[in-house]
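In what follows, a single structure is set out as structure tokens and then discussed.
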Amino acid sequence: MAKNNKSNIMVVDDLVEDTKLLTQILTENNYLVRPFLSGKLALRSIKIEPPDLLLLDINMPGMDGYELAKQIQNLPELRRLPIIFISAHQDIDVKTKAFEHGGVDYISKPFQAQELISRVKLHLKLEKQNADLEKANTELKALSQAKSRFLSSVSHEIRTPMNAILGFAELLQYSENLSEQEKGDLETIANSGEHLLALINDVLEMSKIESGHINIQPVVMNLNELIREIDTMFRLPAKDKNLQFIIERNEQLNQPIVADRSKLKQILINLLSNALKFTDQGSIRISAKLSNHLDTTLSKQAKLNIIVEDTGVGIADHEITQVFKSFEQTQSGRDSEQGTGLGLAISRQYAQLMGGDISVNSCLGKGTAFKVTTICELSNQKPLSHTTNKNARVIGLTPGHPRYRLLITDDIQTNRMILKRMLMPLDIDIKEACNGKEALEIFYQWHPDLIITDMQMPIMNGYELVSIIRSIANETRNTPIIAVSASAFEEDRQKILALGIDTFLRKPYRENELMNALAQQLDLVFLYQEDRERRA
């Protein structure tokens, strides 16, 4: 915008009479006018001082209006310049060509002064609105990026101490010298840590959803196996509240499907956590089925229907519309003083990402039923088993394994200590490094069989360390590397894996996750506590 807030308008027309008339009309209406009789001279001036709007004739010698418009469109800083073509041509093809060359409007000669000013005012107003919107959008993007950086930092700062809290709580639970009270205290610490972690995860997940950073990650899976995992998680808590925990199983669910297993599991956990929280008597029921098979030329699809019902406090009619809103809670939710009000919002977003939705029916004082629908693909492949026995602790390696050398790299001593304690039953040689530079020196001298490295470290971080190791031109470049990170963002995980990482563990990780990663990379066979007890 020019000085004194007057709009700067350029007029380009080879006819002196028309140029004078346009200049007179615009000046009388308080616009600053820059007249030119040729496109070539106008282009030079535009590059030095872009106008707010261009009135452009079409037929001119040398460089006509179309060519000038084309030259302007090729300059990134001028692509948004409003161009109004003014011409004596009435032919529709000429007008169409004007719009194809970036024109926002077309005025036919002879023109009326009132019409000209009205159109100029309109396009200046529209351009200001577009500029304001673009500025606001840029500011919103900057705010979103700042929020993502903040949440990433918060995630790292919280997950790092949580790794210590949950890690040591898990290790201490294996102690044989604990009293019943101490076992209860440890369980309280672990449960409180898990609750805090769940709250942080909810906030991070909603942030990722809002910024469009959530993607579907389909795998071949078995629904009955997933439901058995859910059964293991919720049956005992339901029993503690004297609730019936009913699961309706059927053989149809053994059909392998392709779906996002982690998101389906999270949906069920969120729905069942709510059912458990708001149900004090009666039952909680889960039922699932595959239906409405859809044969296509590319794949065989099916609709997955899951219903979670409870006999809890229910939801009032006027609150039904609130349950899926972020940070919104029903009266019963506020009374419980638990949660963030994000679980159902996240669950519905997940279901919609998977081609479905979540609906709810409820009767105050009688109970609630949530129905989840998603679209999945039927598969003939064997799904990877996710069933693990958390109570089967690894106590050693089966005979015949060599003595392995393992390098732990982390700038936080507590994290290194947890890893060493978890790995103690394996009787392996361990060396430590507190940054990538130290790790690289040990790597060259000691040639470890496997490296476990954090990614955020001073002096030399994990990204640099892995890049150097993978660039080495000998057999050691293929040394298995397990990355551990406190980042909760999927793009960070993908960035880490792209370096040539073999396995990724997100803090806080569990002992069985670590052992599974080691077994996969070194082809280990473990001895378990339950095996020793069975043989005794």
Side-chain angles (χ1 to χ4, degrees), residues 1-139 141:
M1 197 68 72
K3 294 179 181 180
N4 301 322
N5 294 323
K6 289 184 178 182
S7 295
N8 187 322
I9 299 177
M10 179 176 286
V11 174
V12 184
D13 195 319
D14 63 316
L15 297 177
V16 176
E17 295 81 4
D18 287 350
T19 302
K20 286 183 177 179
L21 179 58
L22 287 167
T23 301
Q24 179 183 345
I25 294 171
L26 292 167
T27 301
E28 289 174 354
N29 282 272
N30 206 31
Y31 292 110
L32 292 174
V33 184
R34 291 156 58 194
F36 288 90
L37 297 175
S38 77
K40 193 172 183 179
L41 290 174
L43 184 60
R44 291 178 185 174
S45 178
I46 286 174
K47 290 179 179 179
I48 297 170
E49 184 183 352
D52 298 307
L53 184 143
L54 173 62
L55 289 173
L56 180 59
D57 187 28
I58 293 177
N59 286 338
M60 297 184 294
M63 180 184 292
D64 64 15
Y66 294 139
E67 180 60 27
L68 176 57
K70 180 180 177 181
Q71 295 284 346
I72 291 171
Q73 293 294 308
N74 288 333
L75 298 172
E77 67 275 16
L78 294 175
R79 283 177 183 170
R80 280 185 36 199
L81 174 63
I83 301 174
I84 299 178
F85 283 95
I86 299 183
S87 175
H89 290 286
Q90 300 293 332
D91 189 79
I92 189 64
D93 291 336
V94 174
K95 294 181 179 180
T96 300
K97 189 174 180 181
F99 287 110
E100 289 174 350
H101 279 74
V104 297
D105 206 343
Y106 187 98
I107 299 176
S108 298
K109 295 180 182 180
F111 53 83
Q112 298 294 322
Q114 187 175 354
E115 177 189 5
L116 172 71
I117 295 302
S118 295
R119 296 195 184 210
V120 166
K121 284 182 178 179
L122 171 63
H123 289 292
L124 287 172
K125 181 180 178 181
L126 289 174
E127 177 54 29
K128 184 179 185 305
Q129 289 175 345
N130 288 335
D132 291 343
L133 284 172
E134 187 173 296
K135 180 181 178 182
N137 188 46
T138 300
E139 290 173 352
K141 286 181 178 179

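If you read the sequence from its start, that first residue is 1, and numbering goes on from there. Fair warning: this is a prediction, and the values are worked out from it, not measured in the lab.
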Next on the checklist: Between L126 and V104, is there a side-chain heavy-atom distance shorter than 4.5 Å?
Outcome noted: no
Next on the checklist: For the OG atom of S38 and the CE atom of M60, what is their distance to the nearest 0.5 Å?
Outcome noted: 7.5 Å
Next on the checklist: Which residues pass the side chain to side chain contact (heavy atoms under 4.5 Å, CB included) test with I25, not counting sequence neighbours?
Outcome noted: L21, N29, F111, A113, L116, I117
Item to check | Results of side chain to side chain contact (heavy atoms under 4.5 Å, CB included) for L15 - residues two or more places apart only | outcome: D13, E17, D18, K109
Checklist entry - Quick one: salt bridge (charged side-chain N to carboxylate O under 4.0 Å, His left out) partners of R34, sequence neighbours excluded? => result none
Next on the checklist: Among residues at least two apart in sequence or on other chains, which ones pass side chain to side chain contact (heavy atoms under 4.5 Å, CB included) with D91?
Outcome noted: D93, V94
Checklist entry - Under the salt bridge (Lys or Arg N to Asp or Glu O under 4.0 Å) rule, what pairs show up with a residue in residues 96-105, not counting sequence neighbours? => result D105-R119
Checklist entry - Under the ring-ring contact (aromatic ring centres under 6.0 Å, His included) rule, what pairs show up with a residue in residues 50-74, not counting sequence neighbours? => result Y66-H101
Item to check | Test side chain to side chain contact (heavy atoms under 4.5 Å, CB included) applied to F99 - qualifying residues, sequence neighbours left out | outcome: Y106
Checklist entry - Of the non-hydrogen atoms in P35 and T23, which two are nearest, and what is the gap between them? => result CB-OG1, 3.7 Å
Checklist entry - By salt bridge (charged side-chain N to carboxylate O under 4.0 Å, His left out), which residues pair with E67, not counting sequence neighbours? => result none
Checklist entry - In chain order, what residues pass the salt bridge (charged side-chain N to carboxylate O under 4.0 Å, His left out) check against K47, with sequence neighbours excluded? => result none
Checklist outcome for this item: The side chain to side chain donor-acceptor pair (under 3.5 Å) partners of Q24 (sequence neighbours excluded) come to E28
Item to check | Contact summary for G102 and I83, nearest pair of heavy atoms | outcome: O-CB, 4.3 Å
Item to check | ring-ring contact (aromatic ring centres under 6.0 Å, His included) contacts in which one or both residues fall within residues 14-41, not counting sequence neighbours | outcome: none
Checklist outcome for this item: Sequence neighbours excluded, the answer for salt bridge (charged side-chain N to carboxylate O under 4.0 Å, His left out) partners of D14 is none
